[in-house]
Amino acid sequence: MPSAPSERGAEVGRRIGVGLMYGLWRPRVLGAWKVPASGPAILAVNHSHNIDGPMVMGVAPRPTHFLIKKEAFVGPLDPFLQGIGQLKVDRNGTDRTAVTRALGVLEDGGVLGIFPEGTRGEGDFASLRAGLAYFAVRSGAPIVPVAVLGSSERQGRLIKALPPLRSRVDVVFGDPFEAGDGSGRRTRRALDEATERIQKQLTAHLEDARRLTGR
């Protein structure tokens with residue numbers, strides 16, 4: 001069985017993220033205290049820019065293991081990402097190794113980071129894949145909605161692929177919630193119902209975050 005990634009490695013990644021994110025931009029973090037201080041948790045993050053994952057990794061109060069597409073693990077980034085506890089996933093099918101390692105993170109009481117939309121887009125939680133519901137129902141871990149706002153508003157002058165240096169990026173953590181209905185069912189119908197509940201919660205959190213930050 002594949003082993004769960006190292007929490008120590010994820011803590012190293014968090015410290016690197018703190019330095020980079022606060023050094024390059026001006027993160028405003030709201031509601032970080034809502035992340036459970038211990039035990040398994042899933043951070044469900046909207047995704048509109050490549051810096052969203054590193055930003056959350058750097059500002060989250062606990063080390064986080066993100067599920068990241070395998071295409072990002074190229075060259076020297078491969079051993080680096082794996083060394084800081086991140087999870088490589090093949091999005092073209094059911095990646096059983098990634099699933100097992102992600103469940104291992106939760107079984108060990110760690111924090112799993114997921115982009116529930118599956119890929120970078122508008123970042124509005126409009127279309128969710130079933131993976132988030134599966135991990136939440138299977139593990140029983142609470143979901144913490146996370147809205148990253150401002151990362152894709154403008155292009156930087158020096159590096160157009162990044163937000164302007166020293167611009168403000170808001171990261172808003174929401175109240176944790178349970179995805180399941182309490183029955184413990186893991187059927188296709190149960191997962192579909194859980195996905196609907198999750199989408200409503202995430203969409204509502206994003207709307208609240210936009211009102212709170214004015215973005």
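Computed over heavy atoms, backbone and side chain alike; hydrogens, waters and symmetry mates excluded. These numbers come from a predicted model, not from an experiment. This chain uses plain numbering: 1 for the first residue, then up along the sequence.
With a 4.5 Å cut-off on side-chain heavy atoms, Val111 and Val144 do not count as touching. Inter-residue side-chain proximity for Lys88 and Asp78 is flagged as met; some heavy-atom pair is nearer than 4.5 Å. Taking the side chain as every heavy atom from C-beta outward, Gln201 and Ile143 never approach each other to under 4.5 Å. Considering only heavy atoms from C-beta on, Leu112 comes within 4.5 Å of Leu87 through its side chain. At a threshold of 4.5 Å between non-hydrogen side-chain atoms, the residues Leu202 and Pro116 count as touching. Side-chain contact between His49 and Pro163: present, with at least one pair of heavy atoms (C-beta onward) separated by less than 4.5 Å. The side-chain heavy atoms of Val105 and Pro5, taken from C-beta on, include a pair separated by under 4.5 Å. Contact annotation: the side chain of Arg28 approaches that of Thr213 to within less than 4.5 Å [non-hydrogen atoms, C-beta and beyond].
Listed by chain and residue number, nothing satisfies the salt bridge (charged side-chain N to carboxylate O under 4.0 Å, His left out) test with Arg197 (two or more places apart in sequence, or in another chain). For Arg96, the salt bridge (charged side-chain N to carboxylate O under 4.0 Å, His left out) test picks out no residue, with sequence neighbours left out. Not a single salt bridge (charged side-chain N to carboxylate O under 4.0 Å, His left out) links Asp95 to another residue, sequence neighbours left out.
When every heavy atom of Arg166 is checked against every heavy atom of Trp25, the shortest pair comes out as NH1-O, 2.7 Å. When all heavy atoms are compared, the tightest approach of Met57 to Ile84 is SD-CD1, 4.3 Å. Gly140 and Glu178 make their closest contact through O-OE1, 3.4 Å (heavy atoms, listed as atom of the first residue, atom of the second, distance). Ile68 and Gln86 make their closest contact through CD1-CB, 3.8 Å (heavy atoms, listed as atom of the first residue, atom of the second, distance). The two residues Ala133 and Thr195 have their closest heavy-atom pair at CB-OG1, 3.4 Å. Of all heavy-atom pairs between Gly109 and Arg62, the closest is O-NH2, 2.9 Å.
Atom NE2 of His65 and atom CD of Glu7 lie 5.5 Å apart (nearest 0.5 Å). For the atom pair CZ (Arg210) and NE2 (His205), the distance works out to 10.5 Å, reported to the nearest 0.5 Å. In this structure, the separation between CG on Leu24 and CG on Leu162 is 8.0 Å, given to the nearest 0.5 Å. From Gln82, atom CD reaches atom OG of Ser6 across 12.0 Å, with rounding to the nearest 0.5 Å. Here the OG-CG distance, from Ser151 to Asp52, works out to 3.5 Å after rounding to the nearest 0.5 Å.
Among residues at least two apart or in separate chains, there is no salt bridge (Lys or Arg N to Asp or Glu O under 4.0 Å) pair with a member in residues 100-111.
The hydrophobic cluster containing Leu30, built from Ile/Leu/Val/Met/Phe/Trp/Tyr side-chain heavy atoms closer than 4.5 Å, also comprises Val172, Leu212.
In this structure, Asp208 pairs ionically with Arg211, as a charged nitrogen and a carboxylate oxygen lie closer than 4.0 Å. The existence of a salt bridge linking Arg8 and Glu11 is excluded, since no basic side-chain nitrogen approaches an acidic carboxylate oxygen closer than 4.0 Å. The pair Glu196-Lys200 does not meet the salt-bridge criterion, since no charged nitrogen lies less than 4.0 angstrom from a carboxylate oxygen.
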* Using the side chain to side chain contact (heavy atoms under 4.5 Å, CB included) rule, take Arg138 and Leu103 through it: C-alpha gap first, then chi angles, then the decisive distance, then the call. => CA-CA 8 Å; Arg138 172 75 182 269; Leu103 288 173; 3.7 Å; yes

* Test side chain to side chain contact (heavy atoms under 4.5 Å, CB included) on Phe115 and Leu132 and set out the steps. => CA-CA 8 Å; Phe115 300 114; Leu132 175 55; over 6 Å; no

* Asked: Which is it for Asn46 and Glu117 under the side chain to side chain contact (heavy atoms under 4.5 Å, CB included) test, yes or no, and what are the steps along the way?
  -> CA-CA 7 Å; Asn46 68 323; Glu117 296 159 290; 4.1 Å; yes

* To do: Give the C-alpha distance, both sets of side-chain angles, the deciding distance and a yes or no for side chain to side chain contact (heavy atoms under 4.5 Å, CB included) between Leu149 and Leu206.
  => CA-CA 9 Å; Leu149 303 171; Leu206 184 59; 3.9 Å; yes

For residues 31-42, please give each side-chain donor-acceptor pair under 3.5 Å, one per line with the distance, not counting sequence neighbours.
none

